[in-house]
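This report refers to the structure that appears directly beneath it.
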Amino acid sequence: MIAKTKIKVLLKTPEVVGIGNDVKVEGWVRTKRGNKNIAFIALNDGSIIHSIQIVAEVANFDEEILKQITTGSCICVEGTLVNSQGQGQSVEIQAKKIEVYGTADAEIYPLQKKGHTLEFLREIAHLRPRTNTFGAILRLRHAMAFAIHKFFNDKGFYYLHAPIITGSDCEGAGSMFRVTTLDAVNPPKNSDGTVNYNEDFFGKQTNLTVSGQLEGELAALAIGEIYTFGPTFRAENSNTPRHLAEFWMIEPEMAFYDITDNMDLAEEMLKYLMNYAIENCYDDLEFLQKTYDSELIERIKSIINNKFERLTYTEAIDILEKSGQKFEFPVSWGCDLQAEHERFLVEKYFQKPVILTNYPKEIKAFYMKQNDDGKTVRAMDVLFPRIGEIIGGSQREENFDKLSKRIEELNLPAKDLWWYLETRKFGTAPHSGFGLGFERLILFVTGMANIRDVIPFPRTPKNAEF
RNA sequence: UCCUCCCUAGCUCAGUUGGUUAGAGCAUCUGACUGUUAAUCAGAGGGUCGCUGGUUCAAGUCCAGCGGGGGGAGCCA
C-alpha cells in the first residue's frame, strides 16, 4: 500500500518522495487532453495553486474509466513520480492505477477549463472553491488569519472572545440585526401595543454584534493587551464592492498605549502581515498577479518598505485645500474626508500608506479621547492605496467625567452603558485600540476588486443563497 | 438608499433606422491526431432574447413597471 502524498509536496520537494518511486495522489481534474495513445490529466488537490500532470498510456486503462475523467471529476492516482519529458513541468506521475471517486457530467458541470467571470462564479459559490482563483484566495485568507494570531500571540496579546449576541447598541456603528425567538407573526404585546421583549429569550432586545470593542476594553483593562477576531454584522443597505453584512474584524485593545503606541502597533502589524504573505504564499500571489493585478506584489512590498506617513486631520485638510485639485465634494475643516480626498492623499500626494490623526470630535465616536483643544479627538485612520480606510482606531477616553459628558451630549443611552463606564470609575487607565476589517485586508493582499470575492460565502443585501 | 450602465446558447459576447429562419468564439457531443500545456483539426447538437404589460401590420430592438447584476456615491471596516 502506497502512502498518499499532497501535490504540493511532489511539486515543491520531490526529493521527499524521490524520483522513480511510487506515489498516490487524490484530487480534482482541471483538464484532460491527449490522443488515442496517451492522456494528460492536470490534477489539483488544493494544497498548492499548481496542478500535477498525470500521464496515462491509454492502452493500460479501461476505456470507460478514462471517459469518466473529465474536468471537475475526482480521482485517485497511483503511479511513478518521474521527470517530465515535456515542457511546462519538472515532474509528473506515470499512472499505473486510476480510481474515479466522483464523476462530473461534462454536459452540466458549470466550471470549464476556460476562464469565468467573477460575477458568474458568485452565482455558483458552492463550486467556486474548485477554481484556481478561489483556491489562491482561500489559502491566502487562511494564511492571513493564522498570521494575525501568530503576530499577537508572539507579542504577548491574549485572544478574547467577544460575544456575537449583544444587548447593547452602543457604538452606533450602524443598523443591527435583531436576534429574537419571539413569534414574528404574533409577538407578545404590552398594553400600549408595543412588543413585549421581557418575554423574549434574553428578557430584552438583543442584536448581532457590530463591534467587540467595548467588551475588548473591559478585558484590556484587566489583562493588558488583547485582541478579538470574529464575525461582525451590519444591517446597512450597502451595495458596494467594499461592504458586507457579515464580515470579520480584528480589534486589538491595549492598556497603557497612547495614540503613538497605537499607530506603531498598527503599522507593525500590517507590515508583518504583508511580509508573511510574501514569504508563505508567493505562488498564489504570482498567480493572482498574472491573472488579475499586474502590480500586486510590488504594491505589497511597497507597504513593507515604506514608512507610513503620519499627519493630523488638520494638516491633511491644509494639503487638500492647497492642492489645486478639483474635488466633487469641497474640503473644509470639520467635514469628513470623502473617498476622493483619501485617495488623493494616499495615491497621488504621498504615494504610500497614510495615518491621519486628531479628527474633529463631531465626526468621530463618543469613546475617543478628547484633546485639550476642545475640538479634536485622538482618532487614527490608516489609509491604504486602492481600498482607503483599512484601520480605524483611537486612544480611548479614560476620564469618567469627560466620557459621561460626551455620552450626554450625543444623547446616547447612558443607562445601557453602565458597565462600560464602570471601567472608568474603578482603576481607569490610559488605553488604545483599533479595528481592522479582515476582508479589506484580504482584498488588498489578493488584488481582488470586490469584497464578495474574498470571503467564501458573502452576505450582502438580498443575497444569502449559499 | 441615490446616480449610471447592463441582462440574447452552458460561458463570454455581436445583433445596423423595428422587418423573413437570431449569429460568433469557447464549452459540450462525434470523429481525426504518437508527449499534450487553456493542445490542435473537422463536423454536429444547443435559444421562452431576465419577467410582466404596452406601442406597432411587425419588437431581441421602442416605452413603462418589476426582478437580478456591474461600476460610482453615501454609511463604514
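Just so it is clear, the model here is predicted, and its values are computed rather than measured. In the text below, chain A, chain B and the rest are named by the order of the sequence lines, each starting its count at 1.
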Tell me, please, which residues at least two apart from A/Glu321 pass salt bridge (charged side-chain N to carboxylate O under 4.0 Å, His left out). none
Using the ring pair (Phe, Tyr, Trp, His ring centres under 6.0 Å) definition, which of the options A/Phe157, A/Tyr158, A/Phe146 pairs with A/Phe152? A/Phe157
Using atom C1' in both nucleotides, what's the gap between B/U12 and B/C6 to the nearest angstrom? 14 Å
Taking the side chain of A/Lys67 as heavy atoms from C-beta outward, which of B/C75, B/U30, B/G68 is closest to it? B/U30
Using a distance-only criterion (donor-acceptor N/O pair, under 3.5 Å, no hydrogens), is the base of B/C76 paired with the side chain of A/Ser238? no
Separation of A/Ile38 atom CD1 from B/U40 atom P, in whole Å? 18 Å
Under 4.0 Å, heavy atom to any atom of RNA chain B: which of residues 119-148 of chain A qualify? A/Glu119, A/Phe120, A/Arg122
Is the shortest side-chain N/O distance from A/Asn239 to OP1 or OP2 of B/G70 below 4.0 Å? no
Under 3.5 Å for both distances, Watson-Crick or G-U wobble, that's the pair rule; now give the dot-bracket for RNA chain B, with | marking pairs to another strand and [ ] for crossing ones. (((((((..((((.....[...)))).(((((.......))))).....(((((..]....))))))))))))....
I'd like to know if A/Gln89 reaches the base of B/U36 with its side chain, counting only an N/O donor and acceptor under 3.5 Å. yes
Applying side chain to side chain contact (heavy atoms under 4.5 Å, CB included), can you list everything that pairs with A/Asn21, at least two apart in sequence or on another chain? A/Val17
Counting the atoms with a prime plus P, OP1 and OP2 as sugar-phosphate, which does A/Glu92 contact under 4.0 Å by heavy atoms, base, sugar-phosphate, or nothing? base
Residues of residues 19-35 of chain A with a heavy atom under 4.0 Å from any atom of RNA chain B, listed by number, are A/Thr31, A/Arg33, A/Gly34, A/Asn35
Would you check if there is a donor-acceptor pair between the side chains of A/Glu217 and A/Gln213 at a distance under 3.5 Å? yes
Specify the residues of residues 328-351 of chain A, ordered by number, for which at least one heavy atom lies under 4.0 angstrom from an atom of RNA chain B. A/Gln338, A/Ala339, A/Arg343
So for A/Gln112 and B/U28, does any side-chain atom that can act as donor or acceptor lie under 3.5 Å from a complementary atom in the base? no
When we call it a touch if two heavy atoms are under 4.0 Å apart, what does A/Leu441 touch: a base, just sugar-phosphate, or nothing? nothing
With sequence neighbours left out, which residue pairs that include part of residues 378-395 of chain A fulfil the salt bridge (charged side-chain N to carboxylate O under 4.0 Å, His left out) condition? A/Asp293-A/Arg386, A/Lys364-A/Asp381
Pick one: which of A/Glu309, A/Glu347, A/Glu267 meets salt bridge (Lys or Arg N to Asp or Glu O under 4.0 Å) with A/Lys352? A/Glu309
With a 4.0 Å cut-off on heavy atoms, is A/Lys36 in touch with a base, just the backbone sugar-phosphate, or nothing at all? base
Could you give all pairs that pass the ring pair (Phe, Tyr, Trp, His ring centres under 6.0 Å) test and reach residues 433-466 of chain A, with sequence neighbours left out? A/His126-A/Phe466, A/Phe229-A/Phe438, A/Phe384-A/Phe444
Show me the donor-acceptor pairs, under 3.5 Å and distance only, between side chains in residues 325-332 of chain A and residues at least two apart or in other chains.
none

Shortest non-hydrogen contact from A/Phe40 toward A/Gly34: CD1-CA, 4.3 Å
Is there, by distance only and without an angle test, a donor paired with an acceptor across the side chain of A/His116 and the base of B/C11 below 3.5 Å? no
Give A/Gln94 one of three labels, base, sugar-phosphate or nothing, depending on what nucleic acid heavy atoms sit under 4.0 Å from its own. base
What string of B, S and - do you get for nucleotides 41-49 of chain B, 5' to 3', if B is base contact, S is sugar-phosphate-only contact and - is no contact with any protein heavy atom under 4.0 Å? ---------
Apply side-chain hydrogen bond (donor to acceptor under 3.5 Å, both in side chains) to A/Lys113 and list each qualifying residue two or more places apart in sequence or on a separate chain. none
Any ring pair (Phe, Tyr, Trp, His ring centres under 6.0 Å) pairs touching residues 84-113 of chain A, not counting sequence neighbours? none
